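Every chain is numbered from 1 and lettered A, B, ... according to where its sequence line falls, protein lines coming before strand lines. Predicted, not measured: the structure shown is a model, and the values here were computed from it.
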Amino acid sequence: MRRKMLGVLFVLSMLLTIMLPIQAMAQDTIKLGFVDILSGNFKDIGDRYLEGVKFAVKEINASGGLLGKKVELIIVDSEGKPDVAARKATTLIQKEGVKFITGGASSAVGAALEQLAEKMNIIAIGYGWAAANMTNEKCSKNFFRTCLNTDQQSYALASIMAKKGYKKIGILVQDYSFGKEASEAFKRKLSKLSPSTQVVEVIHPTGTKDYAPYISQILSSNPDAVFTSNWGNDLRIFLKQARPMGMKQKVYGYFMNDEMMVQSFGNEDHLLIGDVGAEIYTLTIPTQKNKEFVAKFHKEMGFYPTWLRGKAYMSTMFWAEAVKKAGSAEVPAVIKAWEGLTYDGPAGKMTMRACDHQILSTAWTFEMVQKNPFYKHAYIGPSTAVPVKDMETPCGGEEKACKMKN
Amino acid sequence: MSDIPVFFLHGLAYAGLLFLVSAGLTLVFGMMNVLNFAHAAMYMLGAYFSYSIMLHATGQFWLSLMLCPVILFVIGGLIERFLLRRVHALGHVQELLLTFGLAYIITEAVKWFWGNYPIAINIPGVLNTTIQIFGITYPVYRLFILCCAVIVGLVMAIILFKTRLGIILRAAVNDSETVNTLGVNVPLVFLGVFAFGAALSGFAGVIAGPLLTIYPGMAQEILIDAFVVIVVGGFGSLGGAVIAALFIGELQSFGVLLFPKLSMALVYMLMAAILVIKPSGLFGEKQ
């Protein structure tokens, strides 16, 4: 009896698995798979990205959807692990018929999804994966990056710092591929813009708890300012320890507009005042579109579209533009339509370069201030534009050119 | 070479923190033969409790410095009495697994209660100033950490080696049955040791909070450092922990100055070298 029941169940479950994709395809929606970190230590990153994507999808659907169809967002947790992300994305593609997946935290996850997208012929959209090689030597026609890569972000900061006329700059980066790439790109750009500027580089292991020796090392060379690509705890603990050790220099960083980082300083947020950052999205971009976007987002969600939220929103809106232009949600049509397309969003115009699928966009630089219209704690002041040409990379990176396969 | 005193001071301050974090771990191992994987989680609990105390009694850093060890003492006592004691007879592997599981439970509980994001602790005015020393600006708080480490080390040494309680403790380690027949409540002694170890970890957590900020990953990150200290110093040796903490603190500090490319590997190279030359650690006894 029991065995018979099991047999029936088995057949039923087989039938269900076969039927599910058919059912899924029958629904008339365009599916966007969200694959990002929604648990563990970096949950706050994925959560904020998701809020941006959700808001964009809501806005697209409220204005009639895409090609007359609603956009359906399917959310899965990458756990920050490349294998988990690839497995879950594969399920989305095979069982749900998803043709577009989007994500941003952890370039290791990004690289896995880029490969997967090429293998399964879907489109992966990165709003945060910054490893330059994803659009250089590892580029793929199935991958589009809608944020700055490490080369561009270092170039932006290098050109801002070169314009300040600093004679000597301290560099503090983490001892792994990301930190080293960021530092290399920074030095490369700086030596072109201001060959006479000296740099003093200090590399520290990730997860360093005591920055005192490193800070002393920087201070002993007495630089005019400090550049860092540090993120997470490595940024927070460094900034927390630097000023009390007598470091008065401004810090120019990749991740200064992280409101969670500022909040973690409690009433010691004055330690951040004067530090500088640059990103493609900030709350204080002085365009009319951005003012409207910030107001609308805040009204509907109850919080501001800071940093990650803004980036994920613009990325999703840009994708929607590409689908609209393609007039079809088929992968080859969208790839073709997106190449060379320009999106005019809250941050101004951004263009998807056809040769490597990397956006070119104005970046916005800001200084940390105490009084701001958004929070009680310190946050960013007014943003000014860093022109696209300051961040332009020769198509396909400097040495390791992208050779797009068709 | 005017840098030398500065870097020595940096190493000293970090050694202080390392010793505070590993003191409880090595005590519990030395007295009870239990490798307490939950030690760092209890250190994190100490930091979070101090945050909550300072939130409700604004700015009462000193109060939290006294209260948190007491809270952790109670928690440690409960863990020993109701969990650890039950698996003690089953052997070390079970004890290790138990504390390993506890570490996970505490970490998840912390995320549940306090949230999965970093929070700040602000230190009181006296400690939040800087002084000029060896020609550099130096935060007073780092000197405070060093003082705390020295005091904790001295108190532990006096208790262990100069008091009747210390004699009972050391005797209980060597031959618990004989000590038991002499009328000493050995289980109670072990409960006290474990609870005291927990209190020490809580104390270290309060001290570390303002320097490192507080976040759910802080336990995991400090655990490795604490293990390196007790491996190098010798499992269970208090003096070994002092020497090892100093060694590692100075090595990390001068490593930055002298071998910047190796600073990540230096500490582990030291550990590997010690394990090859003297597998029981600098001051460890052969097991």
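- Ring pair Tyr49(A)/Tyr127(A): centre-to-centre distance below 6.0 Å.
- Most heavy-atom pairs under 4.5 Å with chain B: of the set Arg236(A), Met260(A), Lys43(A), this distinction falls to Arg236(A).
- With rounding to the nearest 0.5 Å, the separation of NE2 in His204(A) from OH in Tyr211(A) is 4.0 Å.
- For the pair Glu181(A) (side chain) and Ala131(A) (backbone), a donor-acceptor distance under 3.5 Å is absent.
- In terms of heavy-atom pairs under 4.5 angstrom with chain A, the leader among Asn116(B), Ile119(B), Ile214(B) is Asn116(B).
- Interface residue Phe265(A): only backbone heavy atoms are found under 4.5 Å from chain B.
- Ring-centre distance between Trp62(B) and Phe144(B): below the 6.0 Å cut-off.
- For the set Asn233(A), Thr206(A), Asp175(A), Ile237(A), the count of heavy-atom pairs under 4.5 angstrom toward chain B peaks at Asn233(A).
- Contact count against chain A (heavy-atom pairs under 4.5 Å) is highest for Thr213(B) among Ile224(B), Thr213(B), Val140(B), Ile121(B).
- In this structure a side-chain-to-backbone donor-acceptor pair under 3.5 Å is missing from Ser216(A) to Pro213(A).
- Heavy atoms of Tyr215(B) lying under 4.5 Å from chain A belong exclusively to its side chain.
- Contacts between Glu108(B) and chain A at a heavy-atom distance below 4.5 Å are absent for every atom of the residue.
- Here the straight-line distance linking atom CG of Leu9(B) with atom CZ of Phe134(B) works out to 6.0 Å at 0.5 Å rounding.
- With a 4.5 Å cut-off on non-hydrogen atoms, Lys209(A) touches chain B through its backbone and its side chain both.
- Under the ring-ring contact (aromatic ring centres under 6.0 Å, His included) test applied with Trp231(A), the options Phe42(A), Phe238(A), Tyr176(A) reduce to a single match, Phe42(A).
- Options Ala265(B), Gly249(B), Ser253(B) differ in how many heavy-atom pairs under 4.5 Å they form with chain A, and the most are formed by Ser253(B).
- Counting non-hydrogen atoms of neighbouring residues, nucleotides and ligands closer than 6.0 angstrom, the CD atom of Glu250(B) exceeds 12 such neighbours.
- Of the two parts of Leu212(B), the backbone and the side chain both hold a non-hydrogen atom closer than 4.5 Å to a non-hydrogen atom of chain A.
- One finds no salt bridge joining Asp47(A) and Lys54(A) here, because no Lys/Arg side-chain nitrogen approaches an Asp/Glu carboxylate oxygen to under 4.0 Å.
- Heavy-atom distances place both the backbone and the side chain of Ile222(B) under 4.5 Å from chain A.
- Contact of Thr130(B) with chain A is made through the side chain alone, with heavy-atom distances under 4.5 Å.
- Chain A forms more heavy-atom pairs under 4.5 Å with one residue of Ala208(B), Gly115(B), Pro139(B) than with any other, namely Pro139(B).
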